[in-house]
Structures are given as structure tokens and as C-alpha cells.
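In what follows, every heavy atom counts, from backbone to side chain, and hydrogens, waters and symmetry copies are set aside.
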Amino acid sequence: MKILFNIVKFFTGALFVFSGMVKLNDPSGFSIKLNEYFDVFAEDLSPKQDSVQIAFFADSQLFFQEKFVLYPSDKEKNVALHLLGDSSSGLRADIRYGGMERRIEADSIQGFPKQIQVVLTPPNRLNADTQSFVQNERVLLDSQEINSQEVERNWTFDVGSYIKPPNASSTFFKEIKSYSLYMSVFFCALEVLLGLAMLLGYEIKITVVITALLIAFFTFLTGYSAYYNKVTDCGCFGDFLKLEPWQSFKKDLVLSVLVLIMIGSWKHNNPVFKAKVAHKVMAALTVLTFGFGWFCYMYLPVWDFLPYKVGNNIQKIMEHIPAGERASDSIQIRFVMQKGQDSVKVTTLEYADYADKGYTFVRQDRQIIIEGYKSPIHDFAIYNLATGEDLKDRFLQSKNYQMVFIMPFLSEANTSSLEQIKMLYELGKQQGWDFYALSSASLEPSLAFIKKHQLPFEMYAADQKMLMTMARYNPTLYIFKGSTVLAKYSGNNLPVFSEILALTQGMVLYED
């Protein structure tokens with residue numbers, strides 16, 4: 001039993017040190033993963049919103065009725081109707097509401113109506129008498145519309161009063177996101193220290209109990225994400241190794257068994273150091289561990305496992321498809337078609353036959369059968385905020401040196417580096433280099449930020465997730481040759497321009 005205990009202790013301790021160090025090396029990355037969990041819990045614990053019902057009438061005769069679910073962010077719902085008369089087949093209606101589109105063949109209604117009515121029924125009235133509808137709009141059509149047998153109408157309904165406010169649980173997980181970086185450093189450092197304590201045999205009972213609680217917590221997280229398919233990568237080993245949800249859950253189950261073995265045999269523990277020395281050693285290791293996490297946040301990860309690491313050509317990564325992988329998803333398409341009250345789902349080959357039988361298209365359902373290869377860089381894009389022009393190809397196909405200054409969130413950026421970046425921009429401009437300042441902000445906040453800090457360059461837009469992957473510190477500076485990463489710098493450690501020049505000329509700078 002003593003041999004088994006020591007094997008389990010050293011294996012678990014080493015795994016904890018490795019796993020914790022990989023995440024502590026990139027605390028910003030693990031904080032992003034924590035925020036994914038917090039978003040999932042905030043959504044799942046928020047009150048379930050009700051449905052409202054929309055209905056259209058032509059001369060008091062119902063020709064369309066459907067329910068749709070409200071969302072917490074809903075305030076208004078825009079409803080649009082395009083009604084087209086046809087003497088042979090009745091009415092045809094194209095309806096848009098809440099992001100949905102429907103085409104209806106109202107063959108039971110003959111002749112073009114003189115009035116149309118749209119009714120939005122709130123949740124508390126869905127089973128009530130039709131005369132008690134709260135929101136409805138009746139429109140009398142003019143003679144020109146009736147003669148042309150075509151009319152377009154738009155309505156806006158206030159649905160904000162039907163939205164259930166967030167409860168305490170969902171609010172808690174939304175607000176705790178502000179502390180995710182601190183929690184990331186704490187949990188990653190704790191994992192490293194627990195592993196070191198196991199390897200040293202330090203306070204084994206306390207160490208194993210805390211380890212058991214930590215594993216129980218993460219077993220719940222990975223089990224929840226696996227069962228509900230909510231977070232597709234637990235972040236257990238950061239960006240070094242991606243595990244699928246069920247793999248993560250099984251790993252935690254194995255660790256749970258190992259912890260139970262240690263609990264049942266911790267009497268066989270032999271500490272490396274005596275108590276007084278052990279306390280001092282663990283105190284020193286604690287300072288070093290938290291210091292390492294702080295350093296990696298302030299000055300970027302020591303070991304870079306991200307797709308935007310130095311030396312990577314991002315265009316080649318985007319275009320590369322490994323052998324045996326599919327270039328795209330294998331998709332099964334089915335068409336939902338309707339005739340009167342009869343609705344069918346048909347294949348592409350069956351579509352024409354059903355169209356000949358009088359069925360009309362309602363919607364298209366797409367199901368992924370086999371997923372295609374998803375590149376580590378699949379969301380790269382740069383947009384001109386003023387014109388909306390996509391500058392991705394210009395950037396990727398450039399042979400020039402390019403500086404990319406990234407501030408994912410302007411409100412959270414450390415602006416102390418802006419004076420240095422202004423100088424780098426001017427010196428790079430003299431060399432004919434390209435310069436891109438990227439953020440996830442829209443045009444107005446970007447213009448306000450430029451004016452406030454008197455920046456000599458314009459801001460471009462990019463995907464928030466892409467920027468958070470590229471910039472583990474806000475801000476981060478990249479130096480590219482074409483689409484190849486030459487260097488990356490934290491905003492806390494921006495280089496002088498002579499250092500960048502030396503880098504581009506293949507020179508090595510030596511400090512006196």
C-alpha cells in the first residue's frame with residue numbers, strides 16, 4: 001500500500017504542477033475560459049422567458065399565427081408584412097419578425113382584403129379571449145393598394161414589459177466575470193502549489209483534502225459542460241493540449257479515484273523536509289508561483305502555444321488542411337414545404353415534385369453530418385470602421401513589414417504605452433511600413449478614443465475573440481513580415497524602434 005500511495009502521490013502531484021503551470025503561463029487565456037463557464041451558468045440560471053404570439057388577419061380572417069420566444073435583451077420587435085394578391089391562388093404573404101422569415105400561401109382567402117390586422121399577444125393573454133389582446137394594429141388599405149393587390153406594412157411592438165428581469169443567480173455570474181483574471185491566477189497557482197506540496201509530502205492531509213475539493217468542483221464543471229455540450233474545451237491544459245468535454249470529465253473521474261487512494265493511505269506519507277524547513281520552502285514556492293503568474297500576465301506567456309506565436313505564418317495556417325481532414329462540413333439539407341395545413345420535409349431531389357403538387361417553400365433545415373477541419377485561425381478579419389471594407393486580404397497578401405497594435409477593449413486598455421506607440425508609428429511610417437490599430441469597438445467610441453489621446457492613426461475593427469486570442473495583455477504590439485509573426489510585445493514592454501529595425505535586419509542587439 002505504501003508503494004501504491006507514493007506512485008499515486010507523485011503522479012498526481014506531477015500532473016497538477018504541469019497542468020497548473022501550463023495555465024499559469026497564460027492566465028489571461030484561462031480567465032477567458034472561466035468567463036465561458038460564467039456565461040453558461042448566467043444563461044442557464046436566468047429565468048426562462050415566455051413566448052408571445054403574432055397573428056395576421058385579412059378582413060378579420062386569420063391567415064397566419066405563430067409563437068416566438070422572447071430574449072432578455074428584447075425591447076422592441078419589428079414586424080414586416082408584404083401581401084400580394086393573386087386571383088387564381090388567393091393571397092401570398094412574406095412575413096418577417098424577430099429575425100424569422102416566413103412565406104405563406106393563404107389560398108383560403110379569395111380576393112384582396114380591404115383591411116389587414118396584426119396582433120401581438122403577450123404571455124399572460126395567450127389563453128384569453130381574442131377581444132382582450134393588448135397590442136394590435138388594424139390598417140385600412142387605400143384604393144391604390146387594393147387595385148394593385150400589393151401592400152407592404154411595418155409595425156413596431158413594445159415587448160420590453162414582458163421580459164422577466166434577471167434573478168440573483170444569473171446576476172452573480174455576470175458580475176463575477178469582472179474578477180475572472182484574479183480567479184484565474186489564484187486557481188492556477190493553487191493547482192501548482194498543491195502539486196508541489198504532494199511531491200514534497202507537505203501537510204499531506206490538508207493538501208489532499210483541498211485537492212479533493214478542487215477536483216470535485218472541476219468534475220462538476222467538466223461533467224456539466226460535457227452533458228449539455230456547453231463549453232467544448234475545459235481549458236485543463238490551456239492551449240497546450242485541447243481536450244473534448246467527455247475526455248476532460250473522464251480525466252477528472254480518474255483523478256477522483258487517485259485522491260480516494262491517497263485519502264485511504266496517507267499514513268504512509270514521508271515528507272521530504274521537516275516542518276520548519278517545509279514551511280519556509282512552501283512560502284518561497286508560493287511567492288515564486290504567484291510571481292510567475294503575474295509576470296506572464298504583464299509581459300505575455302513565457303511559452304507561447306497560441307496560433308499567433310512568433311514564427312507562424314497566419315495565412316498558411318488559415319489555408320492548411322491536414323491530410324485526411326475534410327475542407328468543409330458534410331451537410332444534409334431538408335426543405336420544409338407547406339400546402340394549406342399540411343407540412344412536409346423533403347430532400348433536394350423531392351423538391352420539384354412537391355412544388356408541382358402545390359407545396360410552397362417555408363424554410364431550409366441544415367444538419368451537419370461530418371464536421372470539416374476548423375483551422376486554429378478561422379476568424380481573422382480587419383475592417384475599416386468608416387467604410388466597412390474588409391482589409392484581410394490586403395494584410396495577408398502584403399510583403400511589407402506591418403505593425404499591429406491591438407487593444408481588444410478600449411475602456412480597459414493600459415494607455416500608458418500610447419506615447420511610445422505614437423513614436424513607433426511615426427518611425428515606421430518613415431520606413432514605409434504598414435500600421436494597423438485594432439479593437440472591437442465601433443466607430444464612435446474609436447473616434448472618441450483617438451481624439452482623447454490625440455492618436456495620429458485610425459482605428460480598425462476586428463472580431464473580439466480573435467483580438468483576445470492575439471492580445472493576452474491589453475494592449476499588445478505585433479511585428480509582421482507579410483503575414484509572418486516576427487515579434488510580439490506586451491504594452492508594458494514596448495521596444496525602441498532601433499530594436500525592431502535590428503530584428504528586421506537579422507541583427508542581434510547587445511546591451512552594454
Compute the ring centroids of Trp246 and Tyr227, then answer whether they are less than 6.0 Å apart. no
For a side chain to side chain contact (heavy atoms under 4.5 Å, CB included) check, start with the C-alpha distance between Thr121 and Val52, then their side-chain angles and the critical distance, and finish with the verdict. CA-CA 6 Å; Thr121 312; Val52 296; over 6 Å; no
Which residues pass the salt bridge (Lys or Arg N to Asp or Glu O under 4.0 Å) test with Asp390, sequence neighbours left out? none
Whether the side chain of Gln49 engages the backbone of Val69 through a donor-acceptor N/O pair (distance < 3.5 Å, no angle test) should be reported. no
Applying side chain to side chain contact (heavy atoms under 4.5 Å, CB included) to Phe172 and Leu45, what does each step give before you reach the verdict? CA-CA 10 Å; Phe172 169 77; Leu45 294 174; over 6 Å; no
Taking Thr12 for its side chain and Met198 for its backbone only, find out whether a donor-acceptor pair lies under 3.5 Å. no
Evaluate Lys250 against Asp252 for salt bridge (charged side-chain N to carboxylate O under 4.0 Å, His left out), listing each step before the verdict. CA-CA 5 Å; Lys250 291 173 184 177; Asp252 289 332; over 6 Å; no
Check whether Tyr473 reaches the backbone of Asn492 with its side chain - one donor and one acceptor, N or O, closer than 3.5 Å. no
Take Ser490 and Asn493 through the test side chain to side chain donor-acceptor pair (under 3.5 Å) and record every step on the way to the result. CA-CA 5 Å; Ser490 163; Asn493 190 33; over 6 Å; no
Leu214 and Leu194: which non-hydrogen atoms are nearest, and at how many Å? CD2-CD1, 3.9 Å
In this structure, CD1 of Ile406 is separated from OH of Tyr308 (nearest 0.5 Å) by 8.5 Å
Applying salt bridge (Lys or Arg N to Asp or Glu O under 4.0 Å), which residue pairs with at least one partner in residues 39-53 are found, sequence neighbours left out? Asp39-Lys177, Asp44-Lys230, Asp50-Lys164
What class does the angle between the rings of Phe218 and Phe187 fall in, given that below 30° is parallel, 30 to 60° is tilted and above 60° is perpendicular? perpendicular
Taking only residues two or more places apart in sequence or in another chain, which ones pass side-chain contact (heavy atoms from CB on, under 4.5 Å) with Glu175? Thr171
Would you give me the side-chain donor-acceptor pairs under 3.5 Å for residues 444-454, sequence neighbours excluded?
| unit_1 | atom_1 | unit_2 | atom_2 | d |
| --- | --- | --- | --- | --- |
| Ser446 | OG | Ser442 | O | 2.8 |

So do Phe409 and Gln464 actually touch side chain to side chain, heavy atoms under 4.5 Å? yes
When rounded to the nearest 0.5 angstrom, what is the spacing between CD1 in Ile479 and CD in Gln402? 10.5 Å
Residues in salt bridge (Lys or Arg N to Asp or Glu O under 4.0 Å) with Asp379, at least two apart? none
Might you point out which heavy atoms bring Gln364 and Ile333 nearest each other, and give the distance in Å? CG-CG2, 3.6 Å
Does Thr484 use its side chain to pair, donor to acceptor, with the backbone of Asn313 at less than 3.5 Å? no
Any Lys/Arg nitrogen of Lys345 or Asp365 sitting under 4.0 Å from an Asp/Glu carboxylate oxygen of the other? yes
Does one side chain, of Tyr460 or Asn384, offer a donor that lies under 3.5 Å from an acceptor on the other? no
Evaluation steps, side chain to side chain contact (heavy atoms under 4.5 Å, CB included), between Val404 and Phe395: CA-CA 10 Å; Val404 180; Phe395 178 88; 3.6 Å; yes
Could you check, using the six-membered ring where one of them is a Trp, whether Tyr478 and Tyr436 have ring centers closer than 6.0 angstrom? no
Quick one: side chain to side chain donor-acceptor pair (under 3.5 Å) partners of Ser416, sequence neighbours excluded? Asn414
Give me the atom names and distance for the closest heavy-atom approach of Met407 to Ser439. O-CB, 3.0 Å
For the residue pair Leu193 and Phe16, establish whether any side-chain heavy-atom pair is separated by less than 4.5 Å. no
Residues passing the salt bridge (Lys or Arg N to Asp or Glu O under 4.0 Å) test with Lys309, sequence neighbours excluded, are none
Check the side chains of Thr360 and Gln338 for a donor-acceptor pair under 3.5 angstrom, ignoring hydrogens and angles. no
Main chain of Lys465, side chain of Thr469: is a donor-acceptor contact present, judged purely on distance under 3.5 Å? yes
If you compare all heavy atoms of Leu24 against all heavy atoms of Thr289, which two are closest, and at what distance to 0.1 Å? CD2-O, 3.2 Å
Please report the shortest heavy-atom distance between Val17 and Gly195, naming the atom on each side. CG2-C, 3.6 Å
Could you list all the side-chain hydrogen bond (donor to acceptor under 3.5 Å, both in side chains) pairs where at least one residue sits in residues 418-428, not counting sequence neighbours? Glu419-Lys422
Is it true that a side-chain atom of Lys77 and a backbone atom of Thr156 form a donor plus acceptor pair closer than 3.5 Å? no
Check the angle between the aromatic planes of Phe405 and Phe457 and answer parallel, tilted or perpendicular using the 30° and 60° thresholds. perpendicular
Is a side-chain donor or acceptor of Asn474 paired with a backbone partner of Thr476 at a separation under 3.5 angstrom? no
Quick check for you: to the nearest 0.5 Å, what is the distance between Ile215 atom CD1 and Leu255 atom CG? 4.5 Å
Test the Lys23-Phe30 pair against the cation-pi criterion, namely NZ or CZ under 6.0 angstrom from the six-membered ring centroid and within 45° of the ring axis. yes
Residues passing the side-chain contact (heavy atoms from CB on, under 4.5 Å) test with Pro165, sequence neighbours excluded, are none
Between His378 (side chain only) and Ser375 (backbone N and O only), is there a donor and an acceptor less than 3.5 Å apart? yes
Looking at Ser440 and Pro408, would you say the former's side chain and the latter's main chain have a donor-acceptor pair under 3.5 Å? yes
Just distance, no hydrogens or angles: give the donor-acceptor pairs under 3.5 Å from side chains in residues 296-307, sequence neighbours left out.
| unit_1 | atom_1 | unit_2 | atom_2 | d |
| --- | --- | --- | --- | --- |
| Asp304 | OD1 | Leu306 | N | 3.0 |
| Asp304 | OD2 | Lys488 | NZ | 2.9 |

Centres of the Tyr224 and Tyr228 rings: under 6.0 Å? yes
Show your reasoning for whether side chain to side chain contact (heavy atoms under 4.5 Å, CB included) applies to Ile54 and Val119. CA-CA 6 Å; Ile54 186 172; Val119 176; over 6 Å; no
Is it true that Glu36 and Lys33 have a side-chain N and a carboxylate O under 4.0 angstrom from each other? yes
From Lys399 atom NZ to Lys481 atom NZ, the distance as rounded to the nearest 0.5 Å: 8.0 Å
Can you list everything that forms a salt bridge (Lys or Arg N to Asp or Glu O under 4.0 Å) with Arg96? Sequence neighbours excluded, please. none
Residue pairs passing the salt bridge (Lys or Arg N to Asp or Glu O under 4.0 Å) test where at least one lies in residues 288-301, sequence neighbours excluded: none
Rounding to 0.5 Å, atoms OH (Tyr489) and CG (Leu424) come to a distance of 9.5 Å
From Glu66 atom CD to Gln53 atom CD, the distance as rounded to the nearest 0.5 Å: 9.5 Å
With distance as the sole test, does Ser184 use its side chain to make a donor-acceptor pair with the main-chain N or O of Pro27 at under 3.5 Å? yes
